[in-house]
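Below: one structure, written as structure tokens.
Because the structure is predicted, anything quoted here is derived from the model rather than measured. Labels below follow one simple rule: chain letters A, B, ... track the order of the sequence lines, proteins then strands, and each chain is numbered from 1.
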Number of protein chains: 2
Amino acid sequence: MRTILEAAERVFAANPAATMEQVAQAAGVARTTVHRRFATREALLEELTGWAARQFAEAVASAHADSTPPLVALYQVTANVLRVKTDWWFAMSRTGDRAHPEAARVHAEVRDDCERLLRRAREAGVLRPDADLGWTRRVYYALIHEAAAEGVTEGGDAEALATRVVDALLRGFGSPTAPVIA
Amino acid sequence: MRTILEAAERVFAANPAATMEQVAQAAGVARTTVHRRFATREALLEELTGWAARQFAEAVASAHADSTPPLVALYQVTANVLRVKTDWWFAMSRTGDRAHPEAARVHAEVRDDCERLLRRAREAGVLRPDADLGWTRRVYYALIHEAAAEGVTEGGDAEALATRVVDALLRGFGSPTAPVIA
DNA sequence: ATTACTCGCTACAGCCATGTTGCAAGTAGC
DNA sequence: GCTACTTGCAACATGGCTGTAGCGAGTAAT
């Protein structure tokens, strides 16, 4: 069960169009055994996304973003999410999928949590007063995605990656003395 | 020919696993006609990635990044690439693919160009002296990707998107007076 | 009108993944 | 030993996509 889901994650991460046969082989079981647990391919994908969504929700919740200073919360959430996302790369990439309403709900909720956290950060002076929170959130997501990609291929630890993500998000890479474009 | 490639781009952008039938339908031709131009599905994909790669190379080259100040070059390259990437979203996402060596070569060259530009920017004081160029480049790519996604769904103009990308890359979203994490 | 060309349509063969079933072997518990 | 359960294996049916071939209609040029 867990074995099959983890194998599916590995296989689909390498090739989203992989077959049930490949998943079974990676799990070390027969293809029919996979079908015994998951009636259809769709069902397997759904289980996978649901499983990842629960891990995701847990990772976000355990950061207690509401009861810590924004900067600390930002760092904790980032590190926790990176841990999950490097292990469940493929499953976590299936966010917008119409399948599995629970996963969609989780992602929507996290999205709200994230925007709320960013708003708190802006009010606390951590973010610039003129920061566009929608764009800020999308950039934040993109940075996490990129850092997770590095974590998958090179296996860095979540804390170091989180530090770089938050640093890139807040400071950028420009010299403080450089001219500004807009 | 062009019609079919453009249709393929649209269809595959919506669903990478789309069939030749769907492509043909989107192009307004019969499936056999698609096969007359592109012997196999693989051949169609290759043409598509090759076509996008040429557009990409042209977009980068026409920015004359070597002969303008780093900050200007960064902005020009960003805007040009965004124009191509919003139109050829799917085809441009097939970078690491082993198929079509020309596309792989183009992407490798652009990557080098980009790192060279970032190095110039750092030496010119546009980037912080301690900026990790590899990480900077990956973040830059991620920002372009994100901005292009917005361009695809909401159709903003390339200049405005480029401004936001460069601004996010250089300044980030943090308040200049806020404490730093690392 | 003839020729050359392109396209749509139909039909077909082949392949591969999916999903199902039945049977045999192995294991754990009683 | 007996039972219940799980698994592997082989076989099969099904469906969908791919790629090919042939025929007929339409069009443009000479």
Review point. Could you give the start and end, 5' to 3', of the contact zone on DNA chain C for chain B, using atoms under 4.0 Å from its heavy atoms?
Key: C/dT6 to C/dT10
Check your understanding: Using the C1' atoms of five pairs at each end, what's the angle between the two axes of the helix from C/dA1-D/dT30 to C/dC30-D/dG1, to 10 degrees?
Key -> 10°
Review point. If you round to the nearest 0.5 Å, how far is CZ of B/Phe173 from CG of A/Leu118?
Key: 9.5 Å
Any residue meeting side chain to side chain contact (heavy atoms under 4.5 Å, CB included) with [X], in chain and number order, not counting sequence neighbours:
| X | value |
| --- | --- |
| B/Arg36 | B/Thr32, B/Thr33 |
| A/Ala124 | A/Pro70, A/Val126 |
| A/Arg41 | A/Phe12, A/Met20, A/Leu45 |
| A/Thr86 | A/Ala148, A/Val152 |

Point to revise | Aromatic ring proximity, centroids under 6.0 angstrom, A/Trp89 and A/His145 | key: yes
Review point. Heavy-atom distance under 4.5 Å between the side chains of B/Arg171 and A/Arg171, does that happen here?
Key: no
Check your understanding: If you take all heavy atoms of B/Gly156 and B/Leu161, which pair is closest and at what distance?
Key -> O-CD1, 4.0 Å
Review point. Looking at residues at least two apart in the chain, or sitting in another chain, which of them share a side-chain hydrogen bond (donor to acceptor under 3.5 Å, both in side chains) with A/Asp112?
Key: none
Check your understanding: Which pairs, with at least one residue in residues 50-68 of chain B and sequence neighbours excluded, count as a salt bridge (Lys or Arg N to Asp or Glu O under 4.0 Å)?
Key -> B/Arg54-B/Glu102
Practice item. Using the salt bridge (Lys or Arg N to Asp or Glu O under 4.0 Å) rule, collect all pairs that involve residues 72-87 of chain A, keeping only residues at least two apart or in two chains. Key: A/Arg83-A/Glu159
Point to revise | Outermost nucleotides of DNA chain D that come under 4.0 Å of a non-hydrogen atom of chain B | key: D/dC17 to D/dG22
**Study point:** Interface with DNA chain D, restricted to residues 12-39 of chain B and to heavy atoms under 4.0 Å
**Key:** B/Thr19, B/Met20, B/Arg31, B/Thr32, B/His35, B/Arg36, B/Ala39
Check your understanding: Which residue pairs pass the side-chain hydrogen bond (donor to acceptor under 3.5 Å, both in side chains) test with at least one member in residues 116-125 of chain A, sequence neighbours excluded?
Key -> A/Asp113-A/Arg116
